[in-house]
*Asks:* 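First the structure, which I've put down as structure tokens, then a few questions once you've had a look.
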Amino acid sequence: MPVARPETSDSRVIAHVDMDCFYVQVEQRKQPDLRGLPTAVVQYNAWKGGALIAVSYEARKYGVKRSMRGAESKEVCPQIQLVQVPVARGKADLSTYRNAGSEVVSILSRKGRCERASIDEVYLDLTDAAETMLAEAPPEILEVIDEEVLKSHVLGLNSEDGNDAKESVRKWLCRNDADRRDKLLACGAFIIAELRLQVLKETEFTCSAGIAHNKILAKLASGMNKPAQQTVVPFSSVKGLLDSLPIKKMKQLGGKLGDSLQSDLGVNTVGDLLQFSEEKLQERYGINTGTWLWNIARGISGDEVEGRLLPKSHGSGKTFPGPQALKTFASVQHWLHELCQELSERLQLDLDQNKRIAHTLVLHATAYKVSDSDSHKKFPSKSCPLRYGTAKIQEDALSLFQAALREYLGSYTAKIQGSQNNHWGITSLSVSASKIVPIPSGTASITKYFHGHLSCSSTKQSQNNLVEEGNESYSEVNVTKPQIEFPGEETMIKYAETSSDQLEDKIDLLNDQNPCCSSKNQARDEFTQETVPVSTSGSEHCSGMNQSQLMKNYSGEEPCVKLSMPSLNRQEQKRKAVKDKGTCSILRFFKNQDPSCAPQKLELVENIEDVKAPPLSPGIQSRSNNCLDHNRSELSKERPEDAGDSNACGSFQMNKEGEEHGVTILMKLTPQSLTSYHQKFNKKCVPGSGLKSGITR
DNA sequence: ACGGATATGACT
DNA sequence: TAGTCATAT
């Protein structure tokens, strides 16, 4: 829940950084010839040329859109370059993009608390850094100002022609009598410009950013001027911005809630929301959402930047549309094996690189069923404790699938056998691992953290370890955990917690086959028999572990979850802010590709060999809950009208883009009438609210 | 026959 | 807790 910051609401400096058509950039870095050409990344291509999942800005000019088919894109842009997403184990493999995202995070996390929001987006809390800069090297004393900073877009700033633009931005940035909040944002703009340049130098990727007093505004701003630009939202421009902003452009309001607002309350812009009292909104949408909406209408949000550089879960899935639906148990088993293999590999990598362990395995699937009264019932999700080791994961996932299938089919017992079956089909499958926590530091039994087995792992190299921030303490995470050793298997882990480096981390676990404790359900599959007790065994699972090695490569990260821990990146770095690179700008970077800036490429792709489907073995159990569905959604209205791309925002969007190697030449900002904005900072937030409520005293 | 593969967070 | 939904890209 949002923690109230004392004092003056939002004088925080928050930034949202968004990579520009990221997958395309990753492919263009790999194949420089593609730079500057209309390009798109497609996954699979057998059917209509594949689906586009990223489109370069050059291609967008031709009307190419995400979610077009490759063939379609060729129609509007015949020269478009289509690059396929790597495929491994018969499915799309996004690891190269994940790794590239990590490279970026490791750079962006240098100046303040950083939250990895997705594979290509992060939020930064630059408050401390901005304050330090303001105190030690405020903009007004700088003589040289980075080009990139001058190219910032400042909402509400009146600047007519292009020449004038930079000059007025410069004035705004360096104004001596500015509101303190504006000065902080100005510092944020400097810091972000520098970070973006750093990202460019080290990774060759461009990104766009928004700098504002809270996350939601920063996010909104980052999408306003793309690619390769940054936008600042001064406090005084907030009202002007929101008043005319289409409600659905606001994060979280792009779906059903936004539809409901429009159709049920006639709210079309965020400004329209102002007419409703908090009570009114709460009565219709619930306490938390109501308060959240009331705050959002005023540009208020107390949502904090989390301080998390790593993902909270890992998943691997695939869809099997229509004709490809899986209709035999064997095919399901085959795909589950592939998916689990990928998942296991990623988990092992996470363990090796970040010293984290996932505790829960979840299986999701979607299925259809013909002629059955409740043929609309959804295929239930199932989960169980996660045991490390590819084979174990495969086995457990299969068991979960069986349990779910039985439940899905209900009394409808089919005793079909081998091949086909006319009753059901699986149209998507996915396995994921969640509840990932850092391994305890110290020698205490780590064993316990492995619910079982560590497979022998071929610890892959680790190249990019983000989070190198050398923070050494994992500590607090489990101070509370009592340790209980598993009799019989002593595992010693030497792995110093403090001397953060040379640990030979190595977990020597006993080898073993040791069957685990999970009670097994004997049911093989619904083809061969129908009753299967799904026992819910207690939970501890035994273990036996094969051996595994933990690599060095530290990664530090705050313990996830909310163990209030002082943010790590927080230390002050005396902002030498701008200085050194006086005039380096992103534009220039591309103009004169300075070879010296070339980053070291990392080897990111790897192939995996196939695996033969091992004999299946039932294992796990799951708490089979009988899920009754009583889905009541307060917002039932459905209004599938899609707002294509995400760029653009109401009256504030105003730039033209002219490309040149992925860089845009910006245009002017349109003047915006800004009325002073009086807000009432006296609404409290409801802790734990669904949509995090705003706070600010 | 779909936008696919992921991911996060809230609610019950 | 587990499982479902909503949202986003």
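In what follows, chains are A, B, ... by sequence order, proteins preceding strands, each numbered from 1.
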*Asks:* Looking only at the side chain of A:L257 (C-beta and beyond, no hydrogens), which of the listed nucleotides B:dT8, C:dT7, C:dT9 gets closest?
*Replies:*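 Side chain of A:L257 sits closest to C:dT7.
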*Asks:* Starting from P on B:dT6, measure out to NZ on A:K91 and report it in whole angstrom.
*Replies:*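 Computing the A:K91:NZ to B:dT6:P distance gives 4 Å.
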*Asks:* Under 4.0 Å between any heavy atoms, over every strand shown, what does A:S381 touch: base, sugar-phosphate, or nothing? Just pick one.
*Replies:*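 Sugar-phosphate only.
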*Asks:* Kindly point out which of C:dT4, B:dT8, B:dA5 is positioned nearest to the side chain of A:H364?
*Replies:*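 Between C:dT4, B:dT8, B:dA5, the one nearest the side chain of A:H364 would be C:dT4.
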*Asks:* Starting the side chain at C-beta, find the nucleotide from B:dT8, C:dA2, C:dC5 nearest to A:K378.
*Replies:*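 Nearest nucleotide to the side chain: C:dC5.
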*Asks:* Within this structure, what is the OH-to-C1' distance between A:Y97 and B:dA5, rounded to whole angstrom?
*Replies:*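 Taking OH of A:Y97 and C1' of B:dA5, I get 12 Å after rounding.
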*Asks:* Determine the Euclidean distance between corresponding C1' atoms of C:dT7 and B:dG3; express it in Å to zero decimal places.
*Replies:*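 Approximately 15 Å lies between the C1' atom of B:dG3 and that of C:dT7.
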*Asks:* Would you say the side-chain atoms of A:S432 and A:S313 include a donor-acceptor pair closer than 3.5 Å?
*Replies:*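 The criterion, which ignores hydrogens and geometry beyond distance, is not satisfied for A:S313 and A:S432.
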*Asks:* I want to verify a distance call: between B:dG3, B:dG9, C:dA2, whose nearest atom is closest to the A:R308 side chain?
*Replies:*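 Among the listed nucleotides, the one closest to the side chain of A:R308 is B:dG9.
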*Asks:* For A:Q324 and A:G317, take the nucleotide of DNA chain B holding the closest heavy atom to each; which residue's nucleotide lies nearer the 5' end?
*Replies:*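 This one resolves to A:Q324.
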*Asks:* Examine the side chains of A:E121 and A:S118 and answer whether a donor and an acceptor come within less than 3.5 Å of each other.
*Replies:*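 On atom types as modelled, these side chains qualify, holding a pair under 3.5 Å.
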*Asks:* Assuming nearest nucleotide by heavy-atom distance, tell me which of A:P323 and A:Y44 is located more 5' along DNA chain B.
*Replies:*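 Here A:P323 is the residue nearer the 5' end.
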*Asks:* Do A:T39 and A:E27 have a side chain donor and acceptor closer than 3.5 Å?
*Replies:*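 There is no such pair (donor and acceptor under 3.5 Å, judged by atom type) between the side chains of A:T39 and A:E27.
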*Asks:* Going through the checks in order, is the side chain to side chain donor-acceptor pair (under 3.5 Å) test met by A:S430 and A:H364?
*Replies:* CA-CA 5 Å; A:S430 84; A:H364 290 288; 5.1 Å; no
*Asks:* Figure out the CD/C1' separation between A:Q252 and B:dA10, and round it to whole Å.
*Replies:*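 After rounding, the gap between these two atoms is 10 Å.
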*Asks:* Whole angstrom is fine here: how far is it from CD in A:Q43 over to P in B:dA1?
*Replies:*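 Computing the A:Q43:CD to B:dA1:P distance gives 17 Å.
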*Asks:* When all nucleic acid strands are considered with a 4.0 Å heavy-atom cut-off, which category describes A:F22: base, sugar-phosphate, or nothing?
*Replies:*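 No contact at all - A:F22 keeps every heavy atom at 4.0 Å or more from the nucleic acid.
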*Asks:* Would A:Y408 and A:F401 count as a close aromatic pair, with their ring centres under 6.0 Å?
*Replies:*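 No - the distance between ring centres of A:Y408 and A:F401 does not fall below the 6.0 Å cut-off.
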*Asks:* Looking at A:R66, I'd like to know whether one of its side-chain N or O atoms comes within less than 4.0 Å of OP1 or OP2 on C:dT9.
*Replies:*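 A:R66 to C:dT9 OP1/OP2: no side-chain N or O under 4.0 Å.
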*Asks:* Taking the basic N atoms (NZ, or NE/NH1/NH2) and the acidic carboxylate oxygens, is any pair closer than 4.0 Å for A:K65 and A:E72?
*Replies:*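 Between A:E72 and A:K65 there is no salt bridge, as every charged N stays at least 4.0 Å from the carboxylate O atoms.
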*Asks:* Please determine, for the side chain of A:E121, which listed nucleotide (B:dA1, C:dT9, C:dG3) has the closest atom?
*Replies:*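 Ranking B:dA1, C:dT9, C:dG3 by closest atom to the A:E121 side chain puts C:dT9 first.
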*Asks:* Between B:dG3, C:dG3, B:dC11, which nucleotide gets closest to the side-chain atoms of A:I53?
*Replies:*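 The answer is B:dG3, which lies nearest to the side chain.
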*Asks:* Classify the nucleic acid contact of A:I119 as base, sugar-phosphate or nothing, counting any heavy atom under 4.0 Å across all strands shown.
*Replies:*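 No contact.
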*Asks:* Could you state the NZ-C1' distance from A:K48 to B:dG3, rounded to the nearest angstrom?
*Replies:*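 Taking atom C1' of B:dG3 as the reference, NZ of A:K48 is at 13 Å.
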*Asks:* Between atom CG in A:L253 and atom P in B:dG9, what is the gap in whole Å?
*Replies:*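 A:L253 atom CG is separated from B:dG9 atom P by 18 Å.
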*Asks:* What's the closest nucleotide to the A:D120 side chain, out of B:dA7, C:dT9, B:dA5?
*Replies:*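 Of all the options, the side chain of A:D120 is nearest to C:dT9.
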*Asks:* Tell me which nucleotide among B:dT6, B:dA5, B:dA7 gets nearest to the side chain of A:E342.
*Replies:*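 From the listed options, B:dT6 comes nearest.
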*Asks:* With a 4.0 Å cut-off on heavy atoms, is A:S316 in touch with a base, just the backbone sugar-phosphate, or nothing at all?
*Replies:*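 If one applies the 4.0 Å heavy-atom cut-off, A:S316 turns out to touch the sugar-phosphate alone, with no base involved.
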*Asks:* Closer than 4.0 Å, any side-chain N/O of A:T319 to the OP1 or OP2 of B:dG3?
*Replies:*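 No.
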*Asks:* Take atom CG of A:D259 and atom P of C:dA8, then tell me their distance rounded to the nearest Å.
*Replies:*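 One finds 10 Å between P of C:dA8 and CG of A:D259, rounded.
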*Asks:* Starting from C1' on B:dG9, measure out to NZ on A:K251 and report it in whole angstrom.
*Replies:*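 It is 10 Å, rounded to the nearest whole Å.
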